[in-house]
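For reference, the structure discussed in these notes is given below.
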Amino acid sequence: MIKITLPDGSVREYEQGVTGHDIAMSISEGLARNVLSVKVNGEVWDSNRPISNDAAVQLLTWNDDEGKSTFWHSSAHLLAEALEELYPGVKFGIGPPIENGFYYDVDLGDKEFGEDDLEKVEQKMLELARNKNEFVRKDVSKADALKYFEEKGDEYKIELIQDLEDGKITFYEQGNFVDLCRGPHVPHTGVIKAIKLMNVAGAYWRGDENRKQLTRIYGVSFPKQKELKEHLERLEEAKKRDHRKLGKELELFTFSEKVGLGLPLWLPKGTILRERLENFMRRAQVKAGYDPVVSPHIGAKELYVTSGHYEKYGEDSFQPIKTPNENEEFLLKPMNCPHHCEIYKHKPRSYKDLPVRYAEFGTVYRYEQSGELHGLTRVRGFTQDDAHIFCRPDQVKEEFIKVIDLVLYVFKALGFKDYTAQVSLRDPENKAKYIGDDALWEKAEREIQEAADEKGLETVTELGEAAFYGPKLDFMVKDALGRKWQLGTIQVDYNLPQRFQLEYTGADNQKHRPVMIHRAPFGSMERFVAVLIEHCGGNFPLWLAPDQMAILPISEKYHEYAQEVFSKLGEKDIRGFVDDRDEKIGRKIRDAEVKKVPFMLIVGEKEQNEGRVSVRRHGQGDLGSMPLAEFVEHFQQASASDFN
RNA sequence: GCCGAGAUAGCUCAGGGGUAGAGCGCUUCCUUGGUAAGGAAGAGGUCGGGGGUUCAAAUCCCCUUCUUGGCUCCA
């Protein structure tokens, strides 16, 4: 007999060789039906795999993330089985579960796989699922594993097996399909009841753009049809919050082919929103001891040769601008830091002057690959809420922490709770991608982690995500459709001060080298606004809303009073418009609601006679009539409470 | 840049070899109104661009530009 400890701490005795399924059966038949896999001493196993020793066991169902992963991983195998039936000779790459579903990378030879094929494959999968084929685990030797896939002619699996250790290789078989796989899997294909293949995409084998591009088929599956339906409805809802859609509907920004791809045009309402954010940041920065600076949009090529940007990105950048006469070349600035370094250098610095903090809403231009452009989140011209802090080495951590405070303040003010703090380090396998010496990199990496730890920030570490001149602390946020974007970023940099020969005179009367901290709490105005739009679904906090109120006269007779209210509110910095169209009040209300205007002020005979306004709040309805002064007070309170 | 999908009126979209359609928006007129769409009339499109097939192309084929879902990249 062996002892099995369940998550609630209870211990039960079972025969040696008991399976997760058996354990579930001993609790209830219903549970046994729902068990997808089982966690044995922290490792996820098939629910039908025998347990031979005492163990801590957790039964995993659809309600556990790991249970879902098992389910989707098995769905990927089912997809592969369907593909093999429909397209004999297909070769397989990898087919993992992902956050919302699964995919399989396949080589279909000459077959052009389009979206029309998805439904056919989907039907085949459902057909195969109904066979309730068991997933059978088999240990195989490396030699046998290689032999199997050599005979099958699947070079991708062979490559994968070659990297595996002999003795630890397993195959899984369901129906006529055999795959290299470490598992685990659901008991049989029959539990997969609802399947939707979402889309096809090209994906490079092993993520290497120099290798063959395989066809990646994305799908999602569920144990119940209803759950699939709900999932698809959630996706539809999320699409309604897409900043590209709302940006158009609310007239915030637009693009023009004639202006150029990836070059956003800010419309008046979007510009107001953006300026309010900028002013908010300016005030916060004044408080935090930053000095504003301004630098031009271009800089001599030599500037970027010095900074290292030219060597690193010159080929993949907008090419230099040439002057008509002299042999001069200028680059559109891709970064503000070289300019700020030169500002730092305009006079000698004493250790007593540091830290110096230069802030600029600097517009930069980067040549992004055309396939990368995406609404406002990935563009070719954008404005960073940039600043560079020049400080002594002993001030780095303190300054870094102050910046973290600023970023957190900004996120809090805007109600961003769902972010990840990511420590972005060098790829240790590929140090040639970065400039600067190891010791300084290590020092910077240590300082970032320490600062984050001191702020009690929960961080994830990503290798290979550093900037080429230094490590970063990035604040990542997801958009409506779950795509991750980097917003705020803080970077410690020992390299640029060296390249620009920045100095200050220390207490010892010797020259010393300052350290630079690059930081942008929003990241860029464009991306930040995009994420903000999706975050609030276009219902901006009152203090940011482009139109804070709409004055809606009942009829033409009250236009004059409406104008009077409008200018009185303007004096109190409450912005909006008078809807003086020849429409009925119901219509005006509807239009203001659709445009997500926070306050609607209805004015007619009663209001005019008594100096009042009838107030309606977006999404809430009629708040009743009140004297204008009372509305101003109500507005100001509402505005302040929107500011977290 | 690569693989897939798409582009028809300002917006959202239908149509699919034989003289371009709807709803909303816009303009004009009627209506002067009380908390989510008042009525009528009208203007508006070389069906993204180029080439080909055809008696005839928005429609079929090829190329191209842009948009889009991914991949790679992201100072």
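Residue numbers begin at 1 in each chain, while the letters A, B, ... track the order of the sequences.
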By nearest atom, which of the nucleotides [options] is closest to the [X] side chain?
| X | options | result |
| --- | --- | --- |
| A:D622 | B:C66, B:U35, B:C26 | B:U35 |
| A:S555 | B:U32, B:U65, B:A37 | B:U32 |
| A:K584 | B:G38, B:C74, B:U35 | B:G38 |

Confirm from the modelled atom types if A:D582 and B:U31 form a donor-acceptor pair under 3.5 Å, side chain to base only.
yes

NA contact type, [X], heavy-atom cut-off 4.0 Å: base, sugar-phosphate, or nothing?
| X | value |
| --- | --- |
| A:K588 | nothing |
| A:E249 | nothing |
| A:R378 | base |
| A:R216 | sugar-phosphate |
| A:E556 | base |
| A:E583 | base |
| A:Y218 | sugar-phosphate |
| A:S307 | nothing |

Please verify the inter-ring angle class for A:Y434 with A:W441; under 30° counts as parallel, over 60° as perpendicular, anything in between as tilted.
perpendicular

Quick one: sort the A:H231 and A:F222 rings into parallel, tilted or perpendicular, breaks at 30° and 60°.
tilted

Looking at A:E99 and A:K478, is any side-chain nitrogen of the basic one under 4.0 Å from a carboxylate oxygen of the acidic one?
yes

Using 4.0 Å as the upper bound for N to carboxylate O, is an ion pair formed by A:E236 and A:K239?
yes

Exercise: identify the closest heavy-atom pair between A:G538 and A:L246:
N-CD1, 3.8 Å

Under 4.0 Å protein heavy-atom contact, by nucleotide of nucleotides 1-9 of chain B - B base, S sugar-phosphate only:
BBBSS----

Phosphate oxygens OP1/OP2 of B:G33: is one of them under 4.0 Å from a side-chain N or O of A:K557?
yes

